[in-house]
There are 2 protein chains.
Amino acid sequence: MPGRRKLPSRDELRTWREFLESTEVLRGRLAGRLQHDTGLSTGDYTVLLALSEATDRRMRSSELAAHIGWERSRLSHHLGRMERRGLIGREEHPGDSRGAQVVLATAGADAFAAATAPHLRAIRELFVDALTPAQLTAAAEIAAALRAHLQDDVAG
Amino acid sequence: MPGRRKLPSRDELRTWREFLESTEVLRGRLAGRLQHDTGLSTGDYTVLLALSEATDRRMRSSELAAHIGWERSRLSHHLGRMERRGLIGREEHPGDSRGAQVVLATAGADAFAAATAPHLRAIRELFVDALTPAQLTAAAEIAAALRAHLQDDVAG
DNA sequence: CGCCTATGATTGACACGTCAACCACCGGAG
DNA sequence: CTCCGGTGGTTGACGTGTCAATCATAGGCG
């Protein structure tokens, strides 16, 4: 089936490059703003958000990893850095001494509380405000289509 | 102006999160495929592409940085790694001893030649094929809108 | 010519991510 | 009880990215 092996057209490629580049710039700009305004990285924010919403503000490490979609190793490294800064703590899991509990520290809760409004505002300013309502809808559809397609790609 | 300070709605936020996440997965999948198939990172590919298209297959370092939109420091680090692997070489610029010329090495040209078809095919399979023609057009428009908006954000 | 600033490029420190190896503990089979 | 595979989690090595500092030369000006 020769059709299956066709390479992308010039236009498709240009679309890809511009899509790639603009989303990369967007991501970087948002990260820079968060870092500058609040001293947190987007990774920090993701972890703190998950812990804030967890019952008792603590979560098993692998549970946390699954919840935010990170590899365990990545999370472990990141938690190490966050622990050094006093944002989170680690405690032994009662009943399974392999396990670790990640607990939201006071400094972490404070940092998250201070960060959330500016961060959401930045998302609105840099992403939502950039697009028309129709484009925003299209973005959601594209995201869904990509997710579904990439899912299939892994499975089959 | 209270309107200006409004936070994104739940739907807007969900769109943002899914957009962010799906593009991240896409990027990672493409990078993994390129790495696996050809031993090159996306950064390697970007640099090699630019050098391949340059007259005489060489380019001034800062020129290259501007062309691919990288910071000079980032490029310098990356070139160091690529030079170690024999993909590129560095020569003194004739007429400006501050300058460095980056030259495409034979190994680099070969690696790029071998990588381009698989990479383009991966872009088609993972990105182009995931979207309907209408969605692809929408993606191009979104990219353009984001680029324009982020441009303004820096300027004004 | 000798100074001075701007520019081209590199470096070092550090955050972040992936991969593979590893360690410790759990729980079941013999 | 002992062995053993599976699971939870960490570690080390290394590639990648950013920021700030540094260094050398270019090029103009006195």
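Looking at A/H77, its side chain has no donor and acceptor atom pair within 3.5 Å of the base of D/dG9. For A/R98 against D/dT7, a side-chain-to-base donor-acceptor contact under 3.5 Å is present.
If you measure from atom CG of B/D44 to atom P of D/dC14, you get 17 Å, rounded to the nearest angstrom. Residue A/E83 contributes atom CD, which lies 15 Å from atom C1' of D/dT11 at whole-angstrom precision. B/L34 has its CG atom 16 Å from the P atom of C/dT18, to the nearest Å. The distance from atom NE2 of A/H93 to atom P of D/dG8 is 11 Å, rounded to the nearest whole Å. The distance between atom CG of B/L40 and atom P of D/dT16, rounded to the nearest whole Å, is 10 Å. The CE-P distance, from A/M59 to D/dG8, rounds to 16 Å in whole Å. Atoms CZ (A/R74) and C1' (D/dT16) sit 13 Å apart, rounded to a whole Å. Between the CG atom of A/L75 and the P atom of C/dC19 there is a distance of 16 Å, rounded to whole Å.
Going from atom CZ of B/R58 over to atom CD of B/E63 covers 12.0 Å, rounded to the nearest 0.5 Å. Between B/L48 atom CG and B/I88 atom CD1 the span is 8.5 Å, to the nearest 0.5 Å.
Ranking D/dT18, D/dG9, C/dG8 by closeness to the B/S62 side chain, first place goes to C/dG8.
Counting any heavy atom pair closer than 4.0 Å across all strands shown, A/S76 reaches a base atom. Here B/S73 lies in heavy-atom contact (under 4.0 Å) with a base.
Using a 4.5 Å cut-off on side-chain heavy atoms (C-beta onward), B/W16 and A/L30 make contact. Between A/R121 and B/L7, some side-chain heavy-atom pair lies under the 4.5 Å cut-off.
Between A/R84 and B/E63, the residue anchored closer to the 5' end of DNA chain C is B/E63, taking for each the nucleotide with the nearest heavy atom. Residue whose closest nucleotide on DNA chain C sits further toward the 5' end, between A/Q35 and B/D96: B/D96.
At C/dA24, none of the side-chain N or O atoms of A/S97 fall inside 4.0 Å of OP1 or OP2 (strictly under the cut-off). Listed pair A/R60 / D/dG8 fails the phosphate criterion, with no side-chain N or O lying under 4.0 Å from OP1 or OP2. Contact annotation: B/R81 reaches the phosphate of D/dT16 (side-chain N/O to OP1 or OP2, under 4.0 Å). In this structure, A/R90 reaches the D/dT10 phosphate: one of its side-chain N or O atoms is under 4.0 Å from OP1 or OP2. Phosphate contact (OP1/OP2 of D/dG9, side-chain N/O of A/R72, threshold under 4.0 Å): absent. Between A/S41 and the phosphate of C/dA15, there is no side-chain N or O to OP1/OP2 separation shorter than 4.0 Å.
Using bins of under 30°, 30° to 60° and over 60° for the plane-to-plane angle, the ring pair A/F19/B/F19 lands in the perpendicular bin.
A donor atom on one side chain and an acceptor atom on the other are found under 3.5 Å apart for A/R81 and A/H78.
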